[in-house]
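The structure appears right after this line, and notes come after that.
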Amino acid sequence: MKTLEEMKEYLKKENAEYLLRFYDELSEIEKAELFKQIEHIDFELMKKLYDSRNIPPIKNKKIENITHEILEKIPQEERKKYCERGEELLRSNKVAVCQMAGGQGTRLGYNGPKGTFEVNLKEPKTIFEIFADKLKESCEKYNVNIPWYIMTSKENNDETISFFEQHNYFEYGKENIKFFIQRELPLLDYDGNFIFAEKSKIFMAANGNGGIYEALHRENILKEMKEKQIDYLAIGNVDNILMDMLEPTFIGMMDLKNKELAVKTVTKVSPEERVGVICKMDGKPGVVEYTEISEEMANMRDEDGNLKFGEAYFGFVMFRRELLDKIVKDLDYRPARKKNSYIDKNGEHITSDVPNTYKFEMFIFDGFEIADDMLALSVKREENFAPIKNKDGVDSPATAIDLYNNYYNNKKTENL
């Protein structure tokens with residue numbers, strides 16, 4: 001570790017001497033932690049990210065629509081064939097699942113990891129418990145133990161693990177669950193300065209769901225999958241309580257069509273809906289965010305009157321393990337404007353009702369371009385997509401509960 005004088009000299013070269021502003025007020029432990037944080041900062045990267053913050057990620061890329069299949073239009077016999085193959089793969093323990101659960105429930109007005117948020121169904125359950133129940137059902141049906149990987153963040157990892165311990169891992173078996181942490185990156189203010197979460201800590205945040213690729217390698221998860229002869233990894237967001245990551249028809253279809261990448265999509269309800277849509281970028285699979293798509297593109301229609309860019313990616317993707325093995329470098333970071341309370345370089349406490357900081361994130365779908373092609377399967381929104389993101393209104397607990405209850409009530413009726 002650097003001495004104080006060495007650190008001062010180091011930061012002077014980076015124009016960041018202010019990172020030692022509170023040094024004399026800190027305990028020896030806090031001083032050591034601050035030095036450790038500083039030594040892990042890639043100053044060159046952060047300057048590059050700040051300088052490129054206003055450059056659109058899709059600038060100069062050729063965006064085209066991409067072919068997708070519609071589940072409801074696939075003949076019943078063909079669907080049966082896909083389902084049988086998917087069930088065969090599940091019985092052979094060829095599939096593992098991974099939840100991206102690094103976020104907090106801030107937008108929900110909830111203080112804790114989002115997966116620990118309780119949903120008031122007929123029997124109140126946390127998001128993690130809802131998912132655990134689905135997994136247990138599949139494990140029992142196919143007589144296997146399906147590995148459950150959970151990507152957390154430094155911010156919520158300890159609390160998430162403690163939550164699982166308190167709930168006896170939801171009877172899923174501690175040995176079948178593995179937690180791993182995504183990396184962090186500093187936040188910057190609008191002038192490009194580093195900021196403090198508190199006097200002893202630089203404000204850091206998880207590096208986005210695209211950080212999963214590096215983490216899967218770093219934590220030897222892909223190596224473990226190879227040793228267990230697991231061929232497929234289903235990855236999804238933690239907050240979609242209707243997501244079925246082990247639906248056999250989708251798995252079998254991907255396998256029989258020999259695809260190394262597959263996503264489920266839902267059709268946009270209107271050109272204005274704020275969702276990312278699947279596409280081709282420079283001839284490769286990709287997703288264009290709603291903030292990046294032009295009004296003209298959003299309204300383009302094909303000869304049948306359907307939106308050309310009308311299939312929304314909702315955060316569920318399946319990879320062949322070999323494809324994940326190929327994604328070894330960091331993806332490009334994207335800037336996001338966030339609202340935060342923080343301590344600035346001058347020691348002032350800053351609060352705001354509007355975005356006032358830059359967070360830089362990688363997105364998982366930016367790794368899709370490593371594949372030559374992907375299977376995109378359009379499914380019914382009301383059966384697959386019930387996200388919990390906001391406290392009220394769209395994508396809130398209330399809307400998700402309605403969707404969840406409607407789906408399972410209809411399912412019971414069909415089985416009568």
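Just so it is clear, the model here is predicted, and its values are computed rather than measured.
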**Prompt:** Could you give all pairs that pass the salt bridge (Lys or Arg N to Asp or Glu O under 4.0 Å) test and reach residues 167-182, with sequence neighbours left out?
**Reply:** Lys178-Glu224
**Message:** Just to verify, what does Asp189 make a side-chain contact (heavy atoms from CB on, under 4.5 Å) with, not counting sequence neighbours?
**Reply:** Asp191, Asn193, Ile195, Tyr342
**Request:** For Asp353, check side-chain contact (heavy atoms from CB on, under 4.5 Å) against everything at least two apart and list the hits.
**Result:** none
**Request:** Any ring-ring contact (aromatic ring centres under 6.0 Å, His included) involving residues 233-272? Give me the pairs, sequence neighbours left out, ordered by first then second residue.
**Result:** Phe250-Phe316
**Within residues 308-317 or reaching into it, pairs that qualify as side-chain hydrogen bond (donor to acceptor under 3.5 Å, both in side chains) - sequence neighbours excluded** = Thr265-Glu311, Thr267-Glu311, Glu311-Ser378
**Fill in**
So salt bridge (Lys or Arg N to Asp or Glu O under 4.0 Å) across residues 192-218, not counting sequence neighbours, yields Glu25-Lys199, Arg183-Glu214, Glu214-Arg218
**Item:** Of all pairs that satisfy ring-ring contact (aromatic ring centres under 6.0 Å, His included), the ones with a partner from residues 371-397, not counting sequence neighbours
**Value:** Phe314-Phe385
**Item:** Pairing residues for Phe194 by the ring pair (Phe, Tyr, Trp, His ring centres under 6.0 Å) criterion, not counting sequence neighbours
**Value:** Phe43
Show me, pair by pair, the donor-acceptor contacts under 3.5 angstrom made by side chains of residues 108-119, not counting sequence neighbours?
residue: Tyr110; atom: OH; partner: Thr116; partner atom: O; Å: 3.2
residue: Tyr110; atom: OH; partner: Thr116; partner atom: OG1; Å: 2.7
residue: Lys114; atom: NZ; partner: Asp239; partner atom: OD2; Å: 3.2
residue: Thr116; atom: OG1; partner: Pro113; partner atom: O; Å: 2.7

**Prompt:** Would Phe164 and Phe128 count as a close aromatic pair, with their ring centres under 6.0 Å?
**Reply:** yes
**Request:** List for me each residue that meets side-chain contact (heavy atoms from CB on, under 4.5 Å) alongside Ile370, sequence neighbours excluded, and say none if there are none.
**Result:** Leu323, Lys326, Ile327
**Message:** Test of understanding: with side-chain contact (heavy atoms from CB on, under 4.5 Å), list the residues that count as partners of Ser153, not counting sequence neighbours.
**Reply:** Glu155, Asn156, Gln182, Ala206
If you look only at distance, which donor and acceptor atoms sit under 3.5 Å apart when one is on a side chain in residues 226-235 and the other is two or more places apart or in another chain?
residue: Tyr232; atom: OH; partner: Asp255; partner atom: OD1; Å: 2.6
residue: Tyr232; atom: OH; partner: Arg320; partner atom: NH1; Å: 2.9

